[in-house]
Amino acid sequence: MRNPASFVDRVVIVTGGTRGIGRAIAERFLEEGAQVVVCGRAAPTAPVAAGDREAIFVQADVREADAAQTVVRLAAERFGRLDVLVNNAGGSPFADAATASPRFSAAIVNLNLLAPLAFAQAANAVMQKQDDGGVVVNVASVSGTRPSPGTAVYGAAKAGLLSLTQSLAVEWAPRVRVVAVTPGPVRTEQSHLHYGDEAGIAAVDATVPMGRMAEPADVAAACVLLASPAAAYVTGANLLVHGGGERPAFLGASNANKRT
């Protein structure tokens, strides 16, 4: 009898699944027995693999209009079904909101909000025809739940992604579940671009109640949990993966909270 929590024979797409958080998500689903398709603008320097199992790579820029249809069609034709979509691709460089160009802002919204919508629409069209439906997991960010200076448009797009998650969950129920995972700071190969050297990373670690930034594997575990039958009644929900969040600034500034 099939283990109801197993991903064996299940098919998973992870956008931006060739590095960082996306790669960790893809590798975790491979470990769980899934057939995994990853997409990105460039092929990974090493195959996305776990043990003797390897993900299928599709070269695609998620910002392009036909990317979602291409990737979803390939997965569905190759394996005959699609069970999980993880909308992981996203991000933004730092930019001053006062001077950011309209072209830049449109590109950030496209990558972080419109591309996930296009992939979700393409995946939903396949999942609605399956007896057991499917799951869309949107990887958001704490930048969409609090001020995001330096990445204001990115934060606004991620806030939109959280709102989109709730709306799609209502429209596509009961066959397709739509959920969000919202990481806080995550230590990846690009952490130095945001936090500087190891001293800067350690300083950020110290602000997190759990004593460290998340690792990509922490986010991957949350995605697997929400995509699994263990979360069969969870839809429209947002799981915060931020180690307890950020200590309020006023607590450090106020003398009333300092102990002698």
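Computed from a predicted model, the values in this text were never measured in an experiment.
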Which pair of heavy atoms, one from [X] and one from [Y], lies closest together, and at what distance?
| X | Y | answer |
| --- | --- | --- |
| V208 | G243 | CG1-O, 3.6 Å |
| L85 | A123 | CD2-CB, 3.9 Å |
| P209 | G245 | CD-O, 2.9 Å |
| L30 | A55 | CD1-N, 3.8 Å |
| V186 | P216 | CG1-N, 3.8 Å |
| A115 | V62 | CB-O, 3.4 Å |

Would you mind reporting whether [Y] and [X] have side-chain heavy atoms less than 4.5 Å apart?
| X | Y | value |
| --- | --- | --- |
| R81 | D132 | yes |
| V72 | L82 | yes |
| E246 | T207 | no |
| M210 | H242 | no |

Verdict with supporting geometry, R73 and D66, salt bridge (charged side-chain N to carboxylate O under 4.0 Å, His left out):
CA-CA 11 Å; R73 182 173 61 250; D66 60 348; over 6 Å; no
To the nearest 0.5 Å, how far apart are [atom1] in [X] and [atom2] in [Y]?
| X | Y | atom1 | atom2 | answer |
| --- | --- | --- | --- | --- |
| R23 | I21 | CZ | CD1 | 14.0 Å |
| E54 | E27 | CD | CD | 11.0 Å |
| R19 | T45 | CZ | OG1 | 10.5 Å |
| T99 | F104 | OG1 | CZ | 9.5 Å |
| D61 | T15 | CG | OG1 | 11.0 Å |
| L168 | Q166 | CG | CD | 10.5 Å |

Would you check if the side chain of [X] reaches a backbone N or O of [Y] as a donor-acceptor pair within less than 3.5 Å?
| X | Y | result |
| --- | --- | --- |
| K158 | G91 | no |
| T235 | V178 | yes |
| Q35 | R10 | no |
| N88 | V14 | no |
| S228 | L225 | yes |
| R177 | G133 | no |
| T145 | V142 | yes |
| T18 | P44 | no |
| R187 | I201 | no |
| N138 | A180 | no |

With clusters defined by side-chain heavy atoms of hydrophobic residues (ILVMFWY) lying less than 4.5 Å apart, directly or transitively, does [Y] cluster with [X]?
| X | Y | answer |
| --- | --- | --- |
| V241 | L161 | no |
| V38 | L111 | no |
| V137 | F119 | no |
| V136 | V84 | no |
| M127 | F79 | yes |

Count the heavy atoms belonging to other residues, nucleotides or ligands that lie under 6.0 Å from CZ of R175, then report whether that count exceeds 12.
yes
Should we say atom CZ of R78 is surrounded by more than 12 heavy atoms from elsewhere, each under 6.0 Å from it?
no
Check the pair I13, V71 against side chain to side chain contact (heavy atoms under 4.5 Å, CB included), reporting the backbone distance first and the verdict last.
CA-CA 8 Å; I13 292 174; V71 176; 4.0 Å; yes
Stepwise side chain to side chain contact (heavy atoms under 4.5 Å, CB included) test for L226 and V234
CA-CA 7 Å; L226 287 179; V234 179; 4.1 Å; yes
Between D83 and F7, is the side chain to side chain contact (heavy atoms under 4.5 Å, CB included) condition met? List the steps.
CA-CA 9 Å; D83 299 284; F7 283 92; over 6 Å; no
